[in-house]
Each structure stands twice: as structure tokens, then as C-alpha cells.
2 protein chains.
Amino acid sequence: MQSPLRPSAKDALIEAAYTVLSQNPGASLSEVAERAGVGRATLHRHFAGRDDLVRALAQLAIREMDEAVDAACEGAQTQGDALRLSLEALIPLGDRHGFLAREPLENDPEIAAEFDRQLRETQEVVKAAQEEGVFDRAVPVAWITQAYDHLLYAAWESVKAGETTPAQAAGLAWRTLTHGLKEPSS
Amino acid sequence: MQSPLRPSAKDALIEAAYTVLSQNPGASLSEVAERAGVGRATLHRHFAGRDDLVRALAQLAIREMDEAVDAACEGAQTQGDALRLSLEALIPLGDRHGFLAREPLENDPEIAAEFDRQLRETQEVVKAAQEEGVFDRAVPVAWITQAYDHLLYAAWESVKAGETTPAQAAGLAWRTLTHGLKEPSS
DNA sequence: ATTGCATGAGACATATATGTCTCATTTGGT
DNA sequence: ACCAAATGAGACATATATGTCTCATGCAAT
């Protein structure tokens with residue numbers, strides 16, 4: 001039975017790795033260990049090497065995002081709702097998203113496959129939402145998905161910069177995607 | 001007088017570095033030289049080291065983006081037009097944008113200052129466009145700028161993926177930013 | 001108190017990237 | 001044809017990151 005009394009070194013390492021590697025993918029493992037407040041040897045006790053660490057982070061990030069989306073979709077009445085709720089749920093995971101975007105992991109076929117799956121799932125929901133009338137049928141699904149992803153990351157950056165709360169950022173991103181930022185009256 | 005008859009090794013190196021380093025910031029200089037079809041020694045003849053190369057790329061990227069924006073603003077009647085034309089002009093420079101985003105250069109104060117300047121300039125134009133009625137006054141300038149930047153990059157990725165032409169991507173990004181993707185009729 | 005386990009610190013070897021140098025070759029201009 | 005400059009290939013030394021190991025320490029459970 002693992003005792004959570006002593007703060008788990010592995011968890012500290014994972015969190016530190018997200019922070020350090022999403023800010024600088026080329027950072028040394030020493031920097032990661034230092035940020036985690038942990039000796040470098042301990043890092044190697046939990047992860048065989050850099051590749052191991054990165055793969056563990058990527059898989060965890062993918063899992064967390066899947067879980068967040070699944071939970072959000074539970075309470076969704078429509079596909080449009082599912083997208084809106086998922087957006088809100090994914091914003092706090094922005095550092096994971098950023099890590100996955102900056103770390104070069106096209107080499108890992110397993111991770112790449114998961115990426116493809118997530119993209120396809122998102123596109124499916126987008127397409128369904130489009131058929132509900134949430135989006136213009138004349139707009140390509142690929143573009144809507146691109147805009148969704150990038151506005152999601154923009155929302156996270158806005159939160160990270162302290163400009164908005166997560167809820168505000170989610171509202172702004174969703175409005176931008178659906179209504180745009182034009183003056184409502186005009 | 002430099003003879004452009006022989007394809008400039010320096011230019012080839014710069015172009016290769018954009019491609020390689022924007023895809024993998026941790027790539028070795030050997031990979032950059034190889035992609036450029038140039039010996040590794042030649043790279044060091046033109047750039048003192050990795051830092052030199054990265055700084056040269058960053059400064060060139062910033063200069064190219066400035067020039068593109070300046071040229072685009074020449075033909076703009078309004079600030080809203082300036083934003084729309086700049087968007088279109090910046091899309092082909094998406095690889096530069098991506099390079100600047102992925103490469104950790106917060107350490108370089110000179111580059112960071114240029115970044116700040118560009119951000120402020122964009123925010124100024126956004127604010128002016130907002131006062132023209134292009135954007136809702138209730139929406140924070142910071143968010144509009146964030147959305148502008150990220151939709152710009154989304155447009156570049158859409159073009160790079162072969163999903164759209166640059167002109168189509170610019171149109172979609174601008175529509176998303178101003179009108180959103182909702183069905184026009186409803 | 002004692003035992004077991006994870007950890008921290010550091011030594012050590014190794015791999016890779018980097019930076020410098022030399023020399024033969026090619027290219028472009030004269 | 002000749003010359004000067006740039007280049008390619010490769011040797012070489014060095015720095016840094018990485019991976020492994022050992023040993024002493026601290027903490028928790030018994």
C-alpha cells in the first residue's frame with residue numbers, strides 16, 4: 001500500500017516535467033528533477049530515461065483529456081453541448097495540451113495513433129454538431145476542428161496569463177467559435 | 001558583390017533550419033546542415049553556434065513578419081481592414097510563427113522585447129478596430145488578440161495540411177473571428 | 001529500538017552534440 | 001588557363017546530458 005503521507009516523488013516528477021518540458025522541450029533531466037525537488041537518481045528510478053518519461057507524460061495527458069471529455073459529455077443534451085462542455089473541461093488541462101503540442105512525438109507510433117483517434121473523435125462530434133445546426137454546413141469540418149483546438153489553447157493561455165478565469169475564457173472561446181466577436185447589435 | 005549564381009549556402013541553411021527546428025526544436029545541427037544539403041563545417045562558418053543560428057532565425061522571422069504587416073497595412077482603409085489584410089499576409093509565414101512559438105527564446109532579452117513590441121502593436125490595432133465597431137466593446141482586447149493569433153496559426157496549419165488554400169484559410173479565420181461559424185440564416 | 005524502503009548525494013563511464021581545425025576539391029571570376 | 005574564395009569531408013578535442021552504480025541518510029511501520 002503506497003502511503004500518500006510522504007508526497008509521492010513520482011507525482012512530483014510528473015508535474016514538474018509538465019511544467020519544465022512544456023516551457024522548454026530541450027530542458028535537461030537535471031532541471032526536471034530539480035524542479036520536482038528530487039535527486040536526479042530518483043528520476044531514473046521511476047523512469048528508465050528521457051523517452052520513458054516523455055511517453056509516460058504523453059499517455060497520461062491523453063488519458064486525462066479523454067476522461068475530462070467523457071465526464072463532460074455525460075451531462076450533454078446535444079453534440080453542441082458536448083463540445084461546449086468539453087471545451088470548458090479541457091481548459092485546465094492546457095499545460096498537458098501544450099506539452100503534447102511542443103514535444104516532438106510523431107516518432108512514437110503508439111502516441112501518434114492516439115492522437116489520430118482523438119482528432120477523429122473530435123471531428124465526429126463537430127460533424128454531428130454541424131448537422132444539429134450549431135455550425136454552418138458550408139464550413140469544412142476540418143476547419144471547425146482546427147479553430148476549436150486553437151481557441152481552446154488560446155483560452156488556456158488567457159487563463160495562464162491571468163487575464164481571465166477558466167469560466168470566462170471558456171465563454172469567450174465558445175462565443176468566438178459560434179458567434180464571433182462582432183458587435184451583437186450591428 | 002555576392003554572386004547569387006551559386007545557391008547561397010546561408011539561405012539554404014536558414015530555410016532548412018526553419019523547417020527542421022520548427023518540427024523538432026531539439027534537432028542537432030547536423031540534421032540542419034544535412035537538410036540544407038551542406039556540410040556541418042559550413043554551418044559553423046556562417047553561424048558561430050546554435051544560439052547564433054536561432055537568434056538569426058528569430059530576428060529574420062520578426063523582420064519578415066513586420067514587413068508583411070507593413071505592406072498589408074498600406075492598402076488598408078480601416079483598422080479592421082489592416083487586421084484582415086495582415087492576417088492574409090501572415091499566413092504564408094506560418095512556419096516562422098511556429099518556429100518562434102516552439103523555440104524557447106524567453107532567455108534572449110532582445111528577442112523578448114521585439115515580441116512584446118509586436119504584441120503591443122497588434123493590440124493597438126485591435127483596439128482601434130474595436131472602436132470602429134469591428135469587435136464588440138464588451139470583449140477584452142487581450143482575448144481578441146489571443147484569438148487573432150491562434151486563428152492565424154490554425155489557418156497556417158490548415159494550409160500546410162493541404163486542407164485549404166491560403167486565401168480560403170484567411171477567409172475562414174477572419175469569418176471565425178468576426179462572425180463565428182454559426183449558420184447565417186438561423 | 002529495529003527493520004525495510006525510498007531517497008539524496010555523488011562518483012563514474014558513456015554517448016552525443018558541439019566547436020575547431022586541416023586539406024583536398026569545386027566553383028566562379030579574371 | 002589561372003586564381004581566390006567557398007565548400008565538403010573528416011579528424012580531433014571538449015562540453016554536456018545521460019545512464020548506472022554505491023553508500024549514507026531519513027522516514028515509516030513494526
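Lettering follows sequence order; numbering is per chain, from 1.
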Any residue meeting side-chain hydrogen bond (donor to acceptor under 3.5 Å, both in side chains) with B:D11, in chain and number order, not counting sequence neighbours | none

Is the shortest side-chain N/O distance from A:H46 to OP1 or OP2 of C:dT7 below 4.0 Å?
-> yes

Per the under-4.0 Å heavy-atom filter, residues of residues 24-35 of chain A near DNA chain D come out as A:S28, A:L29

Residues pairing under side-chain hydrogen bond (donor to acceptor under 3.5 Å, both in side chains) where one sits in residues 76-85 of chain A, two or more places apart or in two chains, turn out to be A:D81-A:R84

Quick one: bend of the helix from C:dA1-D:dT30 to C:dT30-D:dA1 from 5 pairs per end, to 10°?
-> 30°

Salt-bridge criterion met for A:D136 and B:K182 (N-O under 4.0 Å) | no

Nucleotide D:dT22, atom P - distance to NE2 of A:H44 in whole Å | 16 Å

Restricting to nitrogen or oxygen on both sides, can you table the protein-nucleotides 8-13 of chain D pairs closer than 3.5 Å?
| unit_1 | atom_1 | unit_2 | atom_2 | d |
| --- | --- | --- | --- | --- |
| D:dG8 | OP1 | B:G37 | O | 3.4 |
| D:dG8 | OP2 | B:G39 | N | 3.0 |
| D:dG8 | OP2 | B:T42 | OG1 | 2.7 |
| D:dG8 | O6 | B:R45 | NH2 | 2.9 |

With sequence neighbours left out, which residue pairs that include part of residues 58-102 of chain B fulfil the ring-ring contact (aromatic ring centres under 6.0 Å, His included) condition?
-> B:Y18-B:F99, B:H97-B:Y153

Just by distance, do the side chain of A:H179 and the backbone of A:R175 share a donor-acceptor pair under 3.5 Å?
-> no

By side-chain hydrogen bond (donor to acceptor under 3.5 Å, both in side chains), A:E103 pairs with (sequence neighbours left out) none

Check salt bridge (Lys or Arg N to Asp or Glu O under 4.0 Å) between A:E15 and all other residues, then give those that pass, not counting sequence neighbours.
-> A:R96

d(CG, A:L13; C1', C:dA6) in whole Å = 13 Å

A:W143: side-chain hydrogen bond (donor to acceptor under 3.5 Å, both in side chains) partners, not counting sequence neighbours = B:T176

Take the protein atom CG of A:L43 and the nucleotide atom P of D:dT20, then report the distance between them rounded to whole Å.
-> 12 Å

Quick note, ring-ring contact (aromatic ring centres under 6.0 Å, His included) partners involving residues 104-130 of chain A, not counting sequence neighbours, are none

Rounded distance in Å - CG (B:D51) to C1' (D:dT16) | 14 Å

For the pair made of CZ in B:R50 and C1' in C:dT16, what is the distance, rounded to whole Å?
-> 12 Å

side-chain hydrogen bond (donor to acceptor under 3.5 Å, both in side chains) filter on B:E132, not counting sequence neighbours, yields none

I'd like a table of donor-acceptor pairs (distance under 3.5 Å, sequence neighbours excluded) in which one partner is a side-chain atom from residues 35-49 of chain B, with atom names and distances.
| unit_1 | atom_1 | unit_2 | atom_2 | d |
| --- | --- | --- | --- | --- |
| B:T42 | OG1 | B:R45 | NH1 | 3.4 |
| B:H44 | ND1 | B:R40 | O | 3.3 |

